[in-house]
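Keep in mind it's a predicted model, so treat the numbers as computed, not measured. Positions are given from 1, in the same order as the sequence printed here. Computation of the quantities below employed the complete heavy-atom set of this structure, encompassing side-chain atoms and omitting hydrogens, waters and symmetry-equivalent molecules.
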Amino acid sequence: MLRPERMSRVSVTGSKRVMDDVVETIHELDLLHITEYDGTWEYFEPGDPVEGAETASEKLVTVRSLKSILDVDEEDAGPTRLVTDDALDEELEEIRQQVNELDDRRDELRDDLRSVEDEVQTIEPFVTLGIDLDLLQGYENLAVVVGEGDPETVRDELARSDVDTYQLFTEDDVVAAFARTDQETLQDALVGATLTELTVPDAEEDPESYRDELSHRKQQLESKLSTVENELEELRLDVAGFLLAAEEKLSIDVQKREAPLTF
């Protein structure tokens, strides 16, 4: 049966000039759990971090951020490695720049890919309609509204409106209304219709050709994204051991330097 080992409460008092040595010794012994001073003694305030605590803490935040971006975990540790202070200054900064550059590129490609995928979905109703995109916009004396909905309600609303000259092109539930009036008047005339207006893509070719261009662009972005993700994976394998060792070293360093906050 497992039983807890008996412990004793110990208070340590000494000169500030030996505080660093005391902290180092206590840490090496690994026998003492420091309880935080609650400020109940009059005239005695909690201590201040040792010089360098902020720098060590910032580096620790950087290491953990890089671990998160690269999805590094303990299983990626590999052979045990020691990290020197010089490596923390030089190698960590080099890794940070590489990771941030690749991560920014990945985010940019993901954004571009989402945008193209949205455009592919947007163009589908126009493919159904089958009218060249340049014929759906750019007129001086004609207003055009393209949308998805019920063609009959569009026809009925136009018949009841003040718009005298108009023509409808329909295919399935996609409607294109052309009218000899201004854009605002045509849109107002269709307020009561069952119709969701669509924005005409800024292109001149037929919708199928435009969709093919978007699909090709999508494939290019997917290929570039895959390349960047492979580069990040290679980098993860290369630096995982360093990051894990650096995190351990910096965590200990921060603990030591911030120990006086509990004194």
(request) Check whether any side-chain heavy atom of Leu88 sits under 4.5 Å from a side-chain heavy atom of Thr84, and report yes or no. (result) no

(request) To the nearest 0.5 Å, tell me how far Phe242 CZ sits from Glu94 CD. (result) 9.5 Å

(message) Heavy-atom count check: over 12 atoms from other residues, nucleotides or ligands less than 6.0 Å from Glu54 CD?
(response) no

(request) Please examine the side chains of Pro260 and Asp48, heavy atoms only from C-beta on, and report whether any two atoms are closer than 4.5 Å. (result) no

(request) Measure the spacing between CD of Gln220 and OG of Ser223 and express it to the nearest 0.5 Å. (result) 8.5 Å

(message) For a quick check under 3.5 Å, do Thr40 and Asp38 share a side-chain donor-acceptor pair by atom type?
(response) yes

(message) So does Leu70 get a backbone contact from the side chain of Glu233, meaning a donor-acceptor N/O pair under 3.5 Å?
(response) no

(request) Kindly indicate whether the side chain of Arg155, heavy atoms from C-beta on, has any atom under 4.5 Å from the side chain of Leu168. (result) yes

(request) Might you point out which heavy atoms bring Ser251 and Glu247 nearest each other, and give the distance in Å? (result) OG-O, 2.7 Å

(request) For the pair Glu222 and Lys218, find out whether any cationic side-chain nitrogen is under 4.0 Å from an anionic carboxylate oxygen. (result) yes

(request) Give the cluster check for Tyr139 versus Leu136: same hydrophobic cluster or not, with ILVMFWY residues linked at side-chain heavy-atom distances below 4.5 Å. (result) yes

(request) Can you see which heavy atom on Val228 is nearest to which on Leu102, and at what distance? (result) CG1-O, 3.5 Å

(request) Treating Ile, Leu, Val, Met, Phe, Trp and Tyr as nodes and any side-chain heavy-atom pair under 4.5 angstrom as an edge, say whether Leu135 and Tyr166 lie in one connected cluster. (result) no

(request) Determine, for Lys59 against Asp253, whether the closest basic-nitrogen to carboxylate-oxygen distance falls under 4.0 angstrom. (result) no

(message) For Leu250 versus Ala56, what's the shortest heavy-atom pair and its separation?
(response) CD2-O, 4.0 Å

(request) Would you check if Glu108 and Asp112 make a side-chain contact, meaning some heavy-atom pair closer than 4.5 Å? (result) yes

(message) Has Thr185 got a side-chain atom pairing as donor or acceptor with Thr181's backbone, closer than 3.5 angstrom?
(response) no

(request) Taking atom CD of Glu117 as the centre, report whether more than 12 heavy atoms of other residues, nucleotides or ligands fall under 6.0 Å from it. (result) yes

(request) Could you tell me the separation between the CG atom of Leu92 and the CG atom of Leu66, rounded to the nearest 0.5 Å? (result) 6.5 Å

(message) Apply side chain to side chain contact (heavy atoms under 4.5 Å, CB included) to residues Thr262 and Thr35 and explain how you reach the verdict.
(response) CA-CA 7 Å; Thr262 65; Thr35 56; over 6 Å; no

(request) Using the side chain to side chain contact (heavy atoms under 4.5 Å, CB included) rule, take Ile95 and Glu91 through it: C-alpha gap first, then chi angles, then the decisive distance, then the call. (result) CA-CA 6 Å; Ile95 293 171; Glu91 192 170 348; 3.9 Å; yes

(message) Apply side chain to side chain donor-acceptor pair (under 3.5 Å) to residues Thr55 and Arg257 and explain how you reach the verdict.
(response) CA-CA 10 Å; Thr55 300; Arg257 293 177 185 274; over 6 Å; no

(request) Decide ring-ring contact (aromatic ring centres under 6.0 Å, His included) for Phe178 and Phe169; before the verdict, give the C-alpha distance in whole Å, the side-chain angles of both, and the deciding distance to 0.1 Å. (result) CA-CA 8 Å; Phe178 292 76; Phe169 296 87; 5.4 Å; yes

(message) A side-chain contact here means heavy atoms from C-beta on lying under 4.5 Å apart; do Leu195 and Glu148 qualify?
(response) no

(request) Verify whether one side chain among Asp206 and Ser209 offers a donor that lies under 3.5 Å from an acceptor in the other. (result) yes

(message) Regarding Arg211 and Glu119, does a basic nitrogen lie under 4.0 Å from an acidic carboxylate oxygen?
(response) no

(message) Tell me every residue that passes side-chain contact (heavy atoms from CB on, under 4.5 Å) with Glu184, counting only those two or more places apart in sequence or in another chain.
(response) Asp182, Asp188

(message) Hydrophobic clusters here meaning ILVMFWY residues chained together by side-chain heavy-atom distances under 4.5 Å, can you tell me if Val175 and Ile131 are in one?
(response) no

(message) Please report the interatomic distance CG(Leu133) to CG(Asp202), rounded to the nearest 0.5 Å.
(response) 9.5 Å

(message) Tell me whether Ser161 contacts the main-chain N or O of Leu158 through its side chain, where contact means a donor paired with an acceptor under 3.5 Å.
(response) yes

(message) Between Gln97 and Glu93, do the side chains contain a donor N or O and an acceptor N or O under 3.5 Å apart?
(response) yes

(message) Check this for me, if you would: do Asp85 and Lys249 make a salt bridge, where the nitrogen-to-carboxylate-oxygen distance has to be below 4.0 angstrom?
(response) yes

(message) Would the distance check show the side chain of Thr153 and the main-chain N or O of Thr194 forming a donor-acceptor pair, the cut-off being under 3.5 Å?
(response) yes

(message) According to a hydrophobic-cluster definition based on side-chain heavy atoms being under 4.5 Å apart (Ile, Leu, Val, Met, Phe, Trp, Tyr only), do Leu32 and Val18 belong together?
(response) yes

(message) Testing the basics here: between Leu261 and Pro46, what is the closest heavy-atom pair and its distance to 0.1 Å?
(response) O-CB, 3.6 Å

(request) Measure the CD-CG distance between Gln219 and Leu113 for me, rounded to the nearest 0.5 Å. (result) 11.0 Å

(request) Examine Leu244 and Leu60 and state if one hydrophobic cluster contains both, with Ile, Leu, Val, Met, Phe, Trp and Tyr joined whenever side-chain heavy atoms are less than 4.5 Å apart. (result) yes

(message) Test your reading of the model: is there a side-chain donor-acceptor pair from Gln183 to the backbone of Val144, 3.5 Å cut-off?
(response) yes

(message) What I want to check is whether the side chains of Thr227 and Arg105 have a donor and an acceptor closer together than 3.5 Å.
(response) no

(request) To the nearest 0.5 angstrom, please state how far the OG atom of Ser226 sits from the CD atom of Glu231. (result) 10.0 Å

(request) Assess whether atom CD of Glu58 is packed by more than 12 heavy atoms of other residues, nucleotides or ligands within 6.0 Å. (result) yes

(message) Looking at every heavy atom in both Glu258 and Ala53, which two are closest together, and how far apart are they?
(response) CG-CB, 4.2 Å

(request) Could you tell me whether Arg110 and Glu229 make a salt bridge, using a distance below 4.0 angstrom between a side-chain N and a carboxylate O? (result) yes

(message) Ignoring hydrogens, what is the shortest heavy-atom contact between Leu186 and Val145? Give both atom names and the distance.
(response) CD2-CG2, 3.6 Å

(message) I'd like to check the salt bridge (Lys or Arg N to Asp or Glu O under 4.0 Å) partners of Asp103; sequence neighbours left out, ordered by chain and number.
(response) Arg106

(message) Once ring pair (Phe, Tyr, Trp, His ring centres under 6.0 Å) is applied, do any residues pair with Tyr210, and if so which ones, sequence neighbours excluded?
(response) none

